[in-house]
Amino acid sequence: MPTYRAPRGTRDLLPPETATWTLLERLAADLATRYGYRRIETPLFELTDVFERGVGEVTDIVEKELFRLAPRTEDGEVWALRPEPTAGIVRAYIQHGMQTWPQPVRLTETGPMFRYDRPQAGRYRQFWQWDIEAIGDPGPAIDAEIIELGTRFYRDAGLRDIEVRLNSIGDLVCRPTYVAELTDYYRARRDALPATEQDRLERNALRLLDSKDPAMAALNAAAPRITDRLCEACADHFAGVLAHLDALGVPYRLEPGLVRGLDYYTRTAFEFYVIGREGQQQAIGGGGRYDGLVELLGGRPTPGIGFGIGIDRLILALAETGAAEPPEPPTVAVVVGSDPADTTGRLRLATDLRAAGIAARADLGHRKLGKQLEAAARDHAHFAVILGDEAASGEVGLRDLPAGTQKLVPIGDLAREIERAEAIHRHGAGTA
Ligand code: AMP
């Protein structure tokens with residue numbers, strides 16, 4: 001047993017799995033650029049207040065799962081690690097006066113989030129999210145743009161059978177009446193509620209609706225539905241979202257119980273699920289509109305919408321559905337040599353190849369040429385560059401390891417020669 005291990009609920013991401021991460025992060029960044037979302041980076045921690053106001057105090061995320069940092073007395077400020085990115089991004093939007101930029105401001109951020117949750121499969125204390133936010137557009141067209149972007153990401157990542165579950169949770173005009181009605185509904189059935197739900201009832205009845213407790217299933221199915229009680233403006237908005245999704249050919253399922261755990265959501269709320277995945281308990285991504293959040297954090301009233309897509313759960317889902325793992329980028333060339341002590345010569349040659357854009361490494365051990373060649377083959381390198389006596393006349397050996405062929409190449413032509421031969425490797429003989 002090692003003395004130290006990664007903290008509970010966290011894990012080390014190791015090669016070759018990290019190749020998948022790199023690929024997904026690139027895909028997310030490329031899509032974000034294509035859709036006009038620009039990168040933002042906010043700190044991994046914020047004043048606790050940002051999350052307490054911005055996420056809501058009566059949420060699991062703040063109530064139970066916030067990683068609070070022990071205050072340092074000289075600062076007198078209380079911080080917490082970010083459990084989700086939206087509150088921090090909105091804080092930055094206000095701080096930097098982004099309301100004076102052309103609206104909406106489209107932003108994207110990818111990075112680790114932290115929740116002090118009970119660790120289990122697909123639930124970690126540190127996990128990664130790809131986040132998209134459009135601040136300053138009331139929708140409904142942009143709601144559809146964002147949902148479509150989410151589905152495209154999953155599809156391009158190799159996940160078929162994605163389901164969008166969709167709801168509208170109203171706004172400050174219609175939601176309070178609905179919440180009062182919902183509270184009355186649960187109060188009348190208080191004895192049937194599990195203890196935790198009884199406790200939540202008086203503080204935030206909406207939270208009971210998305211309870212995963214099986215004891216709540218029947219009660220929730222019969223509960224009053226927000227979509228039947230939307231005010232006219234919210235009902236129009238929701239109809240607009242559906243019409244735009246229909247126009248884009250994005251399928252969705254209406255889910256009246258979908259309220260999401262965060263207080264700041266208004267109107268459009270959605271989650272992404274993998275169809276047919278066991279349990280269907282865990283969303284692989286989710287988002288929604290938060291028209292009240294900018295004001296809540298001290299800015300001018302400004303609408304916004306976004307999503308957070310969990311990378312960890314996406315990778316689990318890809319593995320479960322048998323999607324192929326991407327190959328790791330290979331080492332193209334390994335520089336070996338007949339003089340074990342001449343690490344300078346090998347390192348210099350490898351450095352020149354890398355400067356020319358070739359993935360190369362030098363064998364820096366002091367072992368015999370035969371051993372160096374064996375190691376290069378074990379690494380699945382395509383070429384061994386052999387530094388020997390011919391170096392005196394400006395030439396090195398270039399061995400094609402899989403083919404077992406070898407020739408002498410002038411050092412000045414080496415990079416070009418490797419590129420040419422590598423192209424033949426990639427595309428098959430005859431096309432280079
Ligand atoms: P949420 O803000 O809770 O809806 O989270 C958005 C997405 O982040 C989820 O759909 C998951 O993909 C991912 N996620 C949330 N919490 C965790 C966690 N503890 N471990 C792994 N992924 C998570």
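The basis for the numbers below is simple: all heavy atoms, side chains too, and nothing from hydrogens, waters or symmetry mates. One-based numbering along the sequence shown. In listed order, ligands and their atoms are each counted from 1.
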### Query
If you draw a 6.0 Å radius around NE2 in His96, do more than 12 non-hydrogen atoms from other residues or ligands fall strictly inside?
yes

### Query
When you check the gap from the basic side-chain N to the acidic O, do Arg253 and Glu271 get nearer than 4.0 Å?
no

### Query
So, do Ile40 and Thr108 sit near enough that their side-chain heavy atoms are less than 4.5 Å apart?
no

### Message
Working to the nearest 0.5 angstrom, can you tell me the gap between Glu84 CD and Met113 CE?
### Response
7.5 Å

## Note on the structure
If we number the atoms of ligand 1 from 1 as shown, the ones under 4.0 Å from a heavy atom of Gly122 are 20 (N), 21 (C), 22 (N)

### Task
Please determine if Ile284 has a nitrogen or oxygen closer than 3.5 Å to a nitrogen or oxygen of ligand 1.
yes

### Task
Take the angle between the ring planes of Phe67 and Phe114 and call it parallel below 30°, perpendicular above 60°, tilted in between.
perpendicular

### Message
If I apply the N/O under 3.5 Å rule, does Ala283 come out as touching ligand 1?
### Response
yes

## Note on the structure
Taking only non-hydrogen atoms of Arg123 and a 4.0 Å limit, the atoms of ligand 1 in range are 18 (C), 19 (N), 20 (N)

### Task
Considering only NZ, NE, NH1 and NH2 on the basic side and carboxylate oxygens on the acidic side, decide whether Glu46 and Arg91 come within less than 4.0 Å.
yes

### Task
For ligand 1, note which part of Gln129 has a heavy atom under 4.0 Å away: side chain, backbone, both or neither.
side chain

#### Entry: Glu271 N/O under 3.5 Å from ligand 1 N/O
no

## Note on the structure
Quick note on ligand 1: atoms under 4.0 Å from a heavy atom of Tyr124 include exactly 18 (C), 19 (N), 20 (N), 21 (C)

### Query
Has ligand 1 got any nitrogen or oxygen that is less than 3.5 angstrom from a nitrogen or oxygen of Phe127?
no

### Task
Decide whether a cation-pi geometry holds between Arg115 and Phe127; the criteria are a distance under 6.0 Å from NZ or CZ to the six-membered ring centre and an angle within 45° of the ring axis.
no

### Query
Gly308 heavy atoms, cut-off 4.0 Å: which ligand 1 atoms fall inside?
6 (C), 7 (C)

### Query
Nearest non-hydrogen atom to atom 1 (P) of ligand 1 belongs to which of Arg313, Arg115, Met113?
Arg115

### Query
Where does Glu84 meet ligand 1, judged by heavy-atom distances below 4.0 Å: at the side chain, the backbone, both, or neither?
neither

### Cation-aromatic face contact Arg229/Tyr178, 6.0 Å, 45 degrees
no

